[in-house]
Amino acid sequence: MKQKIKEIIAQAMKAAYEKGILPSSGFPPVEIEEPKLETHGDFSSNISMIMASVQKMAPRKIAEVIISHLDDPEDIIAKTEIAGPGFINFFINPFSWHPVLHEIHKKNTAYGASNIGNGKKIQVEFVSSNPTGPLHVGHGRGAAVGDAVANLLSFCGYDVQREYYINDSGRQISMLGRSVFLRCQELAGKKIEFPQDCYQGDYIRDLAAIIREQRDDLPDLDEAEAISCCAQFAAENILSGIRDDLESFGVTFDRWYSEQSLFDAGSVEAALTDFRSRDVIYEKDGALWFKTSDYGDEKDRVVVKNDGQTTYFASDIAYHQEKFDRGFDRVIDVWGADHHGYIPRMRASIEASGHSRDQFDVILVKLVNLSRGGQPVAMSTRAGEFVTLKDVTDEVGRDAARFIFLTRHYESPLDFDLELAKKKTNDNPVFYVQYVHARISSLLAKGIERGVRVAEFLETSELSMLKAPEEIQLIKTLARYPEIVQSAGELMEPHRITYYLMNLSAAFHAYYNKHRVLTDDPALTCGRLYLVLAVQKVIRNGLKLLGVSAPEKM
RNA sequence: GCCCCCGUAGCUCAGUGGAUAGAGCGAUGGAUUCCUAAUCCAUGUGCCGCAGGUCCGAUUCCUGCCGGGGGCACCA
């Protein structure tokens with residue numbers, strides 16, 4: 001609809017120019033918006049204000065000219081007005097909205113899909129939590145955001161790959177091995193000093209107990225071997241737990257990428273050699289430094305320490321080079337906000353390896369403040385006291401958790417209240433939206449009971465009886481969906497879908513309370529079912545993008 | 001000290017240059033012989049942190065300041 005109005009305006013400007021009424025052909029792109037006030041029409045254009053200086057005419061005069069040249073063969077426009085400083089307001093003929101419903105039914109699950117991505121290969125890397133402990137709530141938010149962003153991009157025509165990067169190498173893994181090893185010794189009755197920098201959580205004790213059971217050769221190994229054995233065992237065990245948790249959270253990945261595999265394939269060495277040849281690496285104090293400050297970072301960064309060990313950053317450089325080698329046009333990383341200082345050096349590495357900085361984006365997800373009935377729940381990773389993602393989803397359910405994670409812009413801190421998440425009221429919007437879907441399912445079932453044949457009414461519905469203001473309002477809201485999806489995709493902001501769904505749900509509930517869908521008039525009933533089924537489809541599509549289920553019954 | 005994010009109704013937050021700035025919660029009053037009351041309807045609330053600047057027009061963009069949060073390792 002918006003597009004049609006744009007075309008009509010563009011055509012009117014052209015016609016006026018050809019007649020010599022508008023002096024200049026310097027037409028800016030036509031922008032249309034939906035005014036907040038109903039009295040300002042369905043659509044509004046500021047085009048005459050923008051053109052005023054180029055055309056050397058008063059905005060209101062330009063508006064008059066445009067209006068007098070409008071050509072509207074389909075009779076979409078009921079009325080136009082010139083308002084304020086020169087807005088042109090368009091009032092759409094109510095019946096012109098009806099075709100939106102046909103479109104929704106025809107496109108069904110693809111309604112709202114677009115091809116703005118044009119098949120470009122894009123990778124979304126998310127969660128990528130170290131296999132040194134279970135996923136906690138913060139990771140859950142990252143998972144929900146990453147998954148929804150991937151869904152959105154895919155729906156917008158990108159060729160999307162989801163990836164999890166496993167830091168299964170380096171210091172934190174040996175520290176994990178050491179932690180488990182020490183707990184094993186403790187279980188064997190030895191008196192040990194458990195260091196501060198080891199992993200403190202109880203899950204380390206559990207792992208120690210398991211490995212003692214499964215590997216009775218452990219006491220025979222020398223300490224280094226035993227630690228390494230513990231490390232490998234623990235990392236694998238934890239990672240498989242992470243996989244399970246994500247899967248029951250509804251998140252799956254196309255690829256799990258091991259950091260260790262980069263070393264095994266010589267990719268880290270190759271990346272460093274490449275950077276040497278590009279002259280962006282130098283030696284100082286026995287270490288190798290990458291000149292990230294040449295690319296906007298505040299200082300240079302070490303890639304090989306003076307003990308010969310490569311840093312985590314070195315692996316990351318190799319990893320991101322390798323992503324582009326795999327043919328991705330764009331690479332998105334979803335990180336916790338505490339990594340934000342890492343962005344400039346990562347950007348530097350992208351640019352130094354010959355890619356452009358806009359091929360790489362980081363989505364920084366802010367922290368989650370967990371509470372229960374308003375009382376904060378302590379979350380300290382160091383002390384090993386944290387609420388795991390599994391704990392939360394077990395308690396409040398996957399749908400509520402995922403939806404709540406997406407009710408804020410990812411860059412805002414999120415308050416997550418466990419009691420609130422279980423409430424079945426308006427406080428908890430996930431049920432508000434799902435309830436729409438369930439109610440419509442029920443309507444359909446009742447309709448069938450009464451002998452309304454679905455296939456038939458989808459074909460024969462005559463829509464002219466859909467003329468109540470609430471009905472037109474509902475259709476207008478449905479018409480906005482594709483645009484919302486596009487902007488959510490382009491900006492990678494899934495919360496736009498969340499808000500839209502809450503809006504649409506409000507419009508539906510209001511309609512439902514005011515009008516009966518199943519009436520004694522068969523034609524009216526068919527028309528209304530046609531409308532509410534379109535609503536149901538859009539709700540279902542939107543929830544799917546968010547990774548939330550659309551229940552038939554509640 | 002430097003960097004990033006935030007500052008909008010009593011609370012939690014939407015609003016990527018437009019007209020009279022919105023929603024939920026909370027408060028008050030109402031709605032169910034009838035399609036799911038997990039719903040709806042009605043009634044209030046705002047120096048959009050402050051000060052400049054750009055613009056026909058700024059909550060939105062720019063600069064400075066104030067306030068809140070996070071980050072600043074040869075850690076990951």
Side-chain angles (χ1 to χ4, degrees), chain A residues 31 33 35-37 39-40 44-46 48-50 52-53 58-59 83-87 89 130 132 167 169-173 175 197 259 284-289 297-299 301-313 315-316 336-344 364 366-367 369 374 407-415 417 420 423-436 438-447 449-450 487 490-491 493 495-496 498-500 502-503 505-506 508-519 525 528-529 532 553-554:
Chain A
E31 290 303 328
E33 55 149 29
K36 292 169 200 153
L37 265 66
T39 55
H40 292 154
S44 167
S45 176
N46 59 359
S48 13
M49 274 112 82
I50 293 175
S53 57
F87 292 102
N89 295 337
N130 294 348
T132 54
N167 291 114
S169 159
R171 214 180 77 91
Q172 76 281 9
I173 290 293
M175 198 54 85
D197 57 355
E259 180 187 10
K284 193 181 90 182
D285 305 331
L288 281 185
W289 299 70
D297 198 5
E298 57 186 282
K299 52 178 275 203
R301 307 290 172 175
V302 170
V303 286
V304 181
K305 296 186 262 183
N306 62 10
D307 63 3
Q309 294 279 309
T310 56
T311 59
Y312 185 84
F313 182 39
S315 313
D316 268 344
D338 53 337
H339 287 64
H340 107 264
Y342 212 77
I343 297 175
L364 278 186
K366 283 267 158 71
L367 57 93
N369 298 309
T407 50
R408 297 276 175 273
H409 189 279
Y410 52 76
E411 256 174 35
S412 301
L414 175 71
D415 296 321
D417 193 286
L420 200 80
K423 271 200 196 168
K424 293 176 172 169
T425 64
N426 256 356
D427 290 13
N428 190 2
V430 62
F431 296 117
Y432 187 77
V433 174
Q434 287 183 319
Y435 190 41
V436 173
R439 267 184 154 175
I440 295 172
S441 291
S442 168
L443 282 175
L444 181 64
K446 284 250 160 48
E449 254 171 54
R450 293 183 182 200
S487 63
E490 275 171 346
L491 299 164
E493 293 179 351
H495 75 282
R496 288 171 184 271
T498 314
Y499 274 89
Y500 171 81
M502 293 193 281
N503 256 323
S505 300
F508 171 78
H509 286 310
Y511 173 63
Y512 181 90
N513 273 276
K514 183 147 183 190
H515 300 281
R516 284 190 63 83
V517 173
L518 304 173
T519 65
T525 303
R528 288 188 169 167
L529 275 172
V532 300
K553 270 188 188 152
M554 288 175 73

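Residue numbering restarts at 1 for every chain, and letters A, B, ... go by the order of the sequence lines. We use all heavy atoms of the structure for the numbers below, so side chains are in, but hydrogens, waters and symmetry mates are not.
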Is the phosphate of B:A14, meaning OP1 or OP2, less than 4.0 Å from a side-chain N or O of A:S412?
yes

Does A:K446 put a side-chain nitrogen or oxygen below 4.0 Å from OP1 or OP2 of B:U36?
yes

Nearest nucleotide by nearest heavy atom, which residue falls closer to the 5' end of RNA chain B, A:D415 or A:V517?
A:D415

Output yes when at least one side-chain N/O atom of A:R496 is less than 4.0 Å from OP1 or OP2 of B:U16, else no.
yes

Between the protein and nucleotides 67-74 of chain B, are there any N/O to N/O pairs under 3.5 Å, and if so, what are the atom names and distances?
| residue | atom | partner | partner atom | Å |
| --- | --- | --- | --- | --- |
| B:G70 | N2 | A:H340 | ND1 | 3.4 |
| B:G70 | N2 | A:H340 | NE2 | 3.3 |
| B:C74 | OP2 | A:K299 | NZ | 3.3 |
| B:C74 | O2 | A:N306 | N | 3.0 |
| B:C74 | N4 | A:D285 | O | 3.1 |

Interatomic distance at C1', B:C4 relative to B:A9, whole Å:
28 Å

P spacing across the pair B:C72 / B:G64, given as an integer number of angstrom:
24 Å

Qualifying residues under side chain to side chain contact (heavy atoms under 4.5 Å, CB included), relative to A:T519, sequence neighbours excluded:
A:R516, A:D521, A:L524, A:T525, A:R528

Any donor-acceptor N/O pair, A:N428 side chain to A:K423 backbone, under 3.5 Å:
yes

Phosphate contact (B:G15 OP1 or OP2) by A:Y500 side-chain N/O below 4.0 Å
no

Could you tell me whether A:R516 contacts a base, only the sugar-phosphate backbone, or nothing, with contacts defined as non-hydrogen atoms closer than 4.0 Å?
base

Confirm from the modelled atom types if A:D427 and B:G24 form a donor-acceptor pair under 3.5 Å, side chain to base only.
no

B:G24 C1' sits how many Å from A:L414 CG, rounded?
15 Å

So what does A:I343 hit on the nucleic acid, given a heavy-atom distance under 4.0 Å: a base, only sugar-phosphate, or nothing?
nothing

Parallel, tilted or perpendicular, judged at 30° and 60°: which one describes the rings of A:H339 and A:Y342?
perpendicular

What integer distance in Å separates A:I50:CD1 from B:G57:P?
14 Å

Between B:U59, B:C35, B:A14, spot the one nearest the side chain of A:K36, thanks.
B:U59

A:M554 side chain, from C-beta outward: closest of B:G18, B:A38, B:A76
B:A38

Measure distances between side-chain N and O atoms of A:R408 and base N and O atoms of B:C13, and say whether any donor-acceptor pair falls under 3.5 Å.
no

Could you please name the option among B:A76, B:G18, B:A14 that lies closest to any side-chain atom of A:Y499?
B:A14

Closest nucleotide among B:A76, B:G15, B:A19 to the A:S44 side chain
B:A19

I'd like the C1' distance from B:C13 over to B:U20, given in whole Å.
22 Å

Classify A:H509 by what it touches in the nucleic acid, base, sugar-phosphate, or nothing, heavy-atom distance under 4.0 Å.
sugar-phosphate

Using the C1' atoms only, state how far B:A51 lies from B:C66, rounded to an integer number of Å.
11 Å

Think A:H409 has a side-chain N or O under 4.0 angstrom from the OP1 or OP2 of B:C5?
no

Report yes or no: is there a donor-acceptor pair, N or O only, under 3.5 Å between the side chain of A:N89 and the base of B:A19?
yes

A:K553 near the nucleic acid: base, sugar-phosphate alone, or nothing, with a heavy-atom cut-off under 4.0 Å?
base

Grab the N/O contacts between the protein and nucleotides 27-29 of chain B below 3.5 Å, and write none if there aren't any.
none

Look at the side-chain N and O atoms of A:S442 and state whether any lies under 4.0 Å from the OP1 or OP2 oxygen of B:C35.
no

Separation of B:C75 atom C1' from A:D316 atom CG, nearest Å, is 13 Å

Would one find more than 12 heavy atoms of other residues, nucleotides or ligands at under 6.0 Å from atom NZ of A:K514?
no

Residue pair A:S505/A:A83 against RNA chain B: nearer the 5' end by closest nucleotide is A:A83

Closest approach to the side chain of A:Y435, judged atom by atom: which nucleotide of B:U36, B:G18, B:U12 is it?
B:U36

Between B:A38, B:U36, B:C5, which one does the side chain of A:F431 approach most closely?
B:A38

